[in-house]
Q: 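What follows is a structure written as structure tokens; I'll ask about it next.
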Amino acid sequence: MHKMQVAACLALLAAFAGVRGANAGALEEGAERYRPYLIEGVASALTGARALRERAAAADLPGAKKAWLSARAGWERSEVFTAGFVPELDAQIDAWPNADGGFHAIEAKLFGTASTDVATDATGLVEHLNDLHGKLKDIKLTPQGLLDGTVRLAYEVGESKADGGESRISGTSLDDMRNNIAGIDFAYHTIFSAALNTVDGKLDEMVTNRIEQLEAIVATPDLPRVNIAELRQTSEELVVALQSASAKLGLQRPTLEAQAR
């Protein structure tokens, strides 16, 4: 009887190892499917930043604002990736709240003082985004790093961005959150959902449900009508669900600390 129990345990361990191995391969493939989305988002941000530089040089304030908004949307869709994989460029492009360059330094002038005197910052933004865009086809996208980024961004949506967010001067914080959630949705369903569903369909359903709830919460006409308490609670529930999913996916439990993996 003892030998039979040992054999059964070994068989279960072997089966578990097989599932984890299969999941690892699926996650790696999912990370590669995520790459074109990431490249498109950063390319959109770069195109917007180039237009911003051009419009600001022409003293076209409405045109510069429009270009800033376009660049911002592409960036926000990509934030699952940026903080963990390229922290130095992330700090140069999107430093907040102490912005001495990048998006928010430009935002303060364009939207805060109605000034197009942003040549130096706009050139820096273009250069940093161009540098990042050039790295994206070769940089290693690890499932662990992308799960970490998904969890951190989900937390930020419910915490630092819920009370008015980063882009208060331009009034685009609601759009920031919508683009962040769109990035979370795409990353989760492209990289993690199918693998998690094979081992825990209920948990996969829970994650999907919480993402959909976040999308519904921010589908309001303006930021004051966002239910902040519900946003925070749903964000926290999504973070916990994703952290629970990590072990089942054969990954480390994500923390809220930004670090490159």
Side-chain angles (χ1 to χ4, degrees), residues 36-83 85-137 149 153 156-157 160-184 186 218-226:
Y37 175 89
L38 172 62
I39 292 173
E40 186 279 330
V42 174
S44 176
L46 176 57
T47 298
R50 286 171 173 160
L52 161 64
R53 182 175 60 180
E54 177 185 304
R55 291 296 85 214
D60 176 7
L61 181 62
K65 286 181 176 180
K66 182 178 179 180
W68 186 93
L69 294 171
S70 176
R72 186 74 181 157
W75 177 260
E76 291 295 303
R77 291 196 303 271
S78 308
E79 283 200 309
V80 161
F81 162 84
T82 54
F85 286 85
V86 287
E88 291 182 3
L89 278 171
D90 181 70
Q92 292 168 324
I93 292 167
D94 198 30
W96 181 82
N98 302 313
D100 56 4
F103 275 114
H104 296 298
I106 297 169
E107 177 193 16
K109 291 182 179 178
L110 290 182
F111 296 90
T113 62
S115 170
T116 55
D117 183 18
V118 296
T120 299
D121 288 328
T123 295
L125 181 61
V126 168
E127 289 175 352
H128 294 317
L129 284 168
N130 190 56
D131 184 12
L132 174 58
H133 188 254
K135 297 176 186 295
L136 294 180
K137 67 180 185 300
L153 191 56
E156 286 179 16
V157 165
S160 61
K161 297 189 178 184
D163 63 355
E166 297 175 33
S167 307
R168 301 182 188 190
I169 300 173
S170 61
T172 61
S173 292
L174 182 57
D175 283 336
D176 285 355
M177 288 190 287
R178 288 170 178 162
N179 284 311
N180 285 162
I181 296 166
I184 290 169
F186 188 88
V218 299
T220 59
D222 50 53
L223 189 62
R225 280 184 262 193
V226 172

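All residue numbers refer to positions in the sequence shown, counting from 1. No experiment lies behind these values; they were computed from the predicted model shown.
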Q: So which atom in L110 and which in T116 form the shortest heavy-atom distance, rounded to 0.1 Å?
A: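 Looking at all heavy atoms of both residues, the shortest contact is CD2-CA, 4.2 Å.
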Q: Do M177 and L223 make a side-chain contact, defined as non-hydrogen atoms from C-beta onward lying under 4.5 Å apart?
A: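 The answer is yes, as the side chains (C-beta and beyond) meet within the 4.5 Å cut-off.
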Q: In Å and rounded to the nearest 0.5 Å, what is the NZ to CD1 distance from K65 to I106?
A: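 Between atom NZ of K65 and atom CD1 of I106 there are 14.0 Å.
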Q: Any side-chain heavy atom of F81 sitting closer than 4.5 Å to one from L136?
A: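 Yes, side chains in contact.
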Q: With a 4.5 Å cut-off on side-chain heavy atoms, are D94 and T82 touching?
A: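 No - every pair of side-chain heavy atoms lies 4.5 Å or more apart.
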Q: For T172 and S170, test the side chains for any donor-to-acceptor distance below 3.5 angstrom and give the result as yes or no.
A: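 Yes, side-chain donor-acceptor contact under 3.5 Å.
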Q: Mind checking the CG-CG spacing from L52 to L46? Nearest 0.5 Å is all I need.
A: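 Rounded to the nearest 0.5 Å, the CG-CG separation comes to 11.5 Å.
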Q: Please report the interatomic distance CZ(F103) to CG(D176), rounded to the nearest 0.5 Å.
A: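 Spacing of CZ (F103) from CG (D176) equals 9.5 Å.
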Q: Are any side-chain N or O atoms of R178 and backbone N or O atoms of V218, one a donor and one an acceptor, separated by less than 3.5 Å?
A: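 Indeed, once roles are kept as given, a pair shorter than 3.5 Å links the two residues.
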Q: Do you know the tightest heavy-atom contact between A56 and A64?
A: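 Scanning both residues, the minimum pair turns out to be N-CB, 4.1 Å.
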Q: Could you walk me through whether L125 and R53 pass side chain to side chain contact (heavy atoms under 4.5 Å, CB included), step by step?
A: CA-CA 9 Å; L125 181 61; R53 182 175 60 180; over 6 Å; no
Q: Could you tell me the separation between the CD1 atom of I184 and the CD atom of E156, rounded to the nearest 0.5 Å?
A: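 CD of E156 is found 9.0 Å from CD1 of I184.
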Q: Of all heavy-atom pairs between S44 and S70, which one has the smallest distance, and what is that distance?
A: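 Heavy atoms only, the tightest pair is OG-O, 4.2 Å.
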Q: Would you say the side chain of F85 lies within less than 4.5 Å of the side chain of L38, judging by non-hydrogen atoms?
A: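 With C-beta onward as the side chain, the pair stays apart.
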Q: Could you give me the CA-CA distance, side-chain angles and deciding distance for W68 and R55, then say whether side chain to side chain contact (heavy atoms under 4.5 Å, CB included) is met?
A: CA-CA 10 Å; W68 186 93; R55 291 296 85 214; over 6 Å; no
Q: We want to know whether R72 and N179 form a side-chain donor-acceptor pair, criterion being a heavy-atom distance below 3.5 angstrom.
A: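 Their side chains do not contain a donor-acceptor pair, so the 3.5 Å distance test is not met.
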Q: On a heavy-atom basis, which atom in L89 and which in H128 lie closest, and how many Å separate them?
A: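 Of all heavy-atom pairs spanning L89 and H128, the closest is CD2-O, 3.8 Å.
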Q: Of the non-hydrogen atoms in H104 and A95, which two are nearest, and what is the gap between them?
A: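 Heavy-atom minimum between the residues: CD2-O, 3.3 Å.
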Q: Between T123 and A119 (side chain of the first, backbone of the second, donor and acceptor by atom type, cut-off under 3.5 Å), is there such a pair?
A: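 The answer is yes, because a donor-acceptor pair under 3.5 Å joins these two groups.
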Q: In Å, rounded to the nearest 0.5 Å, how long is the span from CG of D60 to CD of E54?
A: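 Here the rounded value is 9.0 Å.
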Q: Where is the tightest heavy-atom contact between A108 and I169, given as atom of each residue plus distance?
A: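 Closest approach of A108 to I169: CA-CD1, 3.9 Å.
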